[in-house]
Amino acid sequence: LILEVPAFGTVTVTNPTNGDTVSSPAKFVATATAPDCSRGVSAMGIYVNNELRYVVNGSSMNTTLQLDPGDYSNVVVQEWDGCGGASLTRESIAVTGLTGVFVTTPTPNSTVGTVVKFAATASTSTCPQGVGAMGIYVNNVRQYVSPGSKLSTQLTLNTGLQHAVVQEWDYCGGSVTTPVNLNVQASTPPPSGANTFHSLQANNEWVSWGQVAPNFVDCSPSPCQNIQWSHSLGVQSPSLDGNATQYTLGGPDGTAPYGDVLFTLPLIGVGSTQGLPDTNHTLLPTLHNFTYDTDVYVTNIGITQALEFDVSLWLDGGNPGMTFGTECNYLGDKDWDVWNNQTGHWVSTGAPCLLKNGWNHVTIQLQRQTDNSTLYQSIAVNGTVNPINVSYPPTQSPAGWYGLNVNFQMDGNNVESPNVAYLDNLSLTYW
C-alpha cells in the first residue's frame, strides 16, 4: 500500500535521481527520517508502477533491482514509521538495455548561449566495478572531469559551431563517448554597473500564500481552503551546491483542483530582505533591466500544471506597477506564457516549454521600457535561448506597494496531485 502522510517524515533518494537514464540492474540508495515519530522509521520499500518490488527494515536502503528496458514514470521509494505514518519520494527514470553516455542537456545540434549547462549519466555492463569518471571535451580539448557516473557542470564556450564530446572511463580501462554538436551564440553580459543578489533560494524570509481556483484569492497560513504547501531550506540532495530549497504543493488529492502556491521574497523597498529599504525612493525608479537565473529540479513533469518564475516592481500608489510573469504552462498549451499586466491575462509566446524531470537551468531576460511597458526579451532553458521580444503596458501600483520582489509559483493540476520542486543557485541581476 502506497501511503503518504507528509508531516511524519522525509525520504531522500541519492541514486537514481529523478530523470536519470540507468542500466539494469538499477541501483537504489536512499535514507529516511521520521522526526515526528518517537519510534523512528521502521522500514523502507520500492514500488515500480504500483508493484512493491523491495522492502528492508530500518531507515536506509542500498540495493539493486532488475528492470526491463523502458520508461518508468512511477517509481516510489517509501518509508513507514513506527507510529502508523508514511512518506514517499516519487521519481521518473528510464532503463536502457544499452550502455554508454546519456546526455540530458544540452540537446545535440541546439542553439545555446555562451554559458552552457552540461548534465549526463553513464553506465557499463562490461565492467563489474562500473564507471570511474566522466569528462567533457570541446574541439578535442579536455575542459572538465569529475569522478563517478554522473556529470553536472557549466562551461563557457566560444561563439560559433562547437564540437563537444562527453566521455566516460570505467574501472576496467574501457571508455565510451557521446558527441554533442552545438551552435553557440553570443550572450549579452550585464554592464559593469549591474548588481546581483545571489543564492536567493537560501534566504529564510520567503513568504507564501495559497491561491484556489477560480478566483485565486490569497489565503494563509497553510493549510487553507483545502490546499497545503511548505518550503524547506538547506536541502543537500537533490542539489547542485548542497544548499537547495524544497517547495511543496499538495492536496488532499482532488479537494482543491488547480490550487496554486505563491512564494515571494522582497528584495528592495518595503520589507527588504537585502538591507535596501530605499526609503527615499531613489533606487527603484532607476532600474530597468532584470535577469532571473535559477536551477529548478522537476520531480514529476507529468503532474506539473505550471511553474512560474516572476519579478514584480511596484512604485507606490498611482505610479506604474508591473509583474514580469513567466510560466512554463506544461499541462496547458505546453508553451512559455507571459503576463499581460493591463488585461490581467496570460499570453502564449509560442516558445515551447522544454522543462523536464531533473535539473533544468532557466535564464529569463526582462526590461522595463521608458514608457514602463514590460518587455519580455528571452527565456533560455538548458542553454537553448528562445527570443520572446513582446511587451505589454503596465498597471498601477496600489497605495503602499513599493518594492522589487522575486517570485516562484507552483500551480496544481486538476486533482491537485502532491508535487515537489527544488530551486538552487537562484539569482537576480538588476541595473
Side-chain angles (χ1 to χ4, degrees), residues 6 9-22 27-33 35 59-62 75 77 79 87-93 103-106 115-122 134 136 144-155 196-206 208 229-249 261 263 265 292-301 304 307 309 328 355-363 381-383 406 408-410 418-428:
T10 60
V11 175
T12 302
V13 182
T14 55
N15 196 79
T17 57
N18 198 37
D20 275 357
T21 298
V22 300
K27 186 177 183 64
F28 285 81
V29 181
T31 57
T33 63
S59 61
S60 64
M61 68 165 60
N62 189 330
V75 177
V77 180
E79 65 84 17
S87 58
L88 59 85
T89 290
R90 196 181 305 271
E91 293 191 337
S92 176
I93 65 173
V103 180
T104 54
T105 186
V115 179
V116 183
K117 178 70 175 289
F118 284 83
T121 59
M134 298 186 68
I136 304 170
Y144 179 80
V145 174
S146 66
S149 61
K150 297 181 182 180
L151 177 151
S152 179
T153 190
Q154 289 186 168
L155 296 179
T196 302
F197 298 120
H198 296 282
S199 298
L200 294 176
Q201 84 287 344
N203 192 287
N204 62 5
E205 297 183 69
W206 284 86
S208 56
W229 67 90
S230 67
H231 76 283
S232 302
L233 305 177
V235 175
Q236 296 183 352
S237 180
S239 176
L240 297 175
D241 67 354
N243 196 22
T245 295
Q246 180 191 72
Y247 301 84
T248 70
L249 171 66
V261 57
F263 299 94
L265 183 67
Y292 187 122
D293 190 88
T294 192
D295 292 294
V296 57
Y297 188 97
V298 179
T299 58
N300 189 345
I301 194 67
T304 301
L307 294 178
F309 310 86
C328 169
L355 296 184
K356 61 183 184 303
N357 288 335
W359 284 110
N360 302 266
H361 189 75
V362 176
T363 304
V381 179
N382 298 326
V406 64
F408 174 63
Q409 180 163 317
M410 302 174 66
N419 201 0
V420 181
Y422 300 82
L423 294 185
D424 209 346
N425 302 312
L426 171 59
S427 69
L428 185 75

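Note that this is a predicted model, so its numbers are computed, not measured.
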Is there a side-chain contact between [X] and [Y] (heavy atoms, below 4.5 Å)?
{"X": "Q246", "Y": "T10", "value": "no"}
{"X": "V261", "Y": "H231", "value": "no"}
{"X": "N203", "Y": "F197", "value": "no"}
{"X": "L426", "Y": "Y292", "value": "yes"}
{"X": "Q201", "Y": "T294", "value": "no"}
{"X": "V362", "Y": "L355", "value": "yes"}
{"X": "S152", "Y": "F118", "value": "no"}
{"X": "E91", "Y": "T299", "value": "no"}

Which atom names give the shortest non-hydrogen contact between [X] and [Y], and what distance separates them?
{"X": "A120", "Y": "V103", "result": "CB-CA, 3.9 Å"}
{"X": "A202", "Y": "L233", "result": "O-CD1, 3.9 Å"}
{"X": "W206", "Y": "L200", "result": "NE1-O, 3.0 Å"}
{"X": "A244", "Y": "P238", "result": "CB-O, 3.7 Å"}
{"X": "E79", "Y": "V11", "result": "CG-CG2, 3.5 Å"}

Drop me the distance from [X]'s [atom1] to [Y]'s [atom2], to the nearest 0.5 angstrom.
{"X": "Q154", "Y": "Y144", "atom1": "CD", "atom2": "OH", "result": "11.0 Å"}
{"X": "M410", "Y": "L307", "atom1": "CE", "atom2": "CG", "result": "6.5 Å"}
{"X": "T17", "Y": "W359", "atom1": "OG1", "atom2": "CH2", "result": "10.0 Å"}
{"X": "I301", "Y": "C328", "atom1": "CD1", "atom2": "SG", "result": "5.5 Å"}
{"X": "L151", "Y": "I136", "atom1": "CG", "atom2": "CD1", "result": "4.5 Å"}
{"X": "K117", "Y": "T153", "atom1": "NZ", "atom2": "OG1", "result": "8.5 Å"}

Hey, does the side chain of [X] reach the backbone of [Y] with a donor-acceptor pair shorter than 3.5 angstrom?
{"X": "S237", "Y": "T14", "result": "no"}
{"X": "T245", "Y": "L423", "result": "no"}
{"X": "Q236", "Y": "G242", "result": "no"}
{"X": "T304", "Y": "N300", "result": "yes"}
{"X": "N360", "Y": "G358", "result": "yes"}
{"X": "N15", "Y": "K27", "result": "yes"}
{"X": "N18", "Y": "N357", "result": "no"}

Donor-acceptor pair between [X] and [Y] side chains, under 3.5 angstrom:
{"X": "T31", "Y": "T12", "value": "no"}
{"X": "S230", "Y": "T248", "value": "yes"}
{"X": "W229", "Y": "S208", "value": "yes"}
{"X": "S239", "Y": "D424", "value": "yes"}
{"X": "D295", "Y": "H361", "value": "yes"}

For this session: Could you tell me if the ring centre of F408 sits under 6.0 Å from that of F309?
Result: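 Yes - the distance between ring centres of F408 and F309 falls below the 6.0 Å cut-off.
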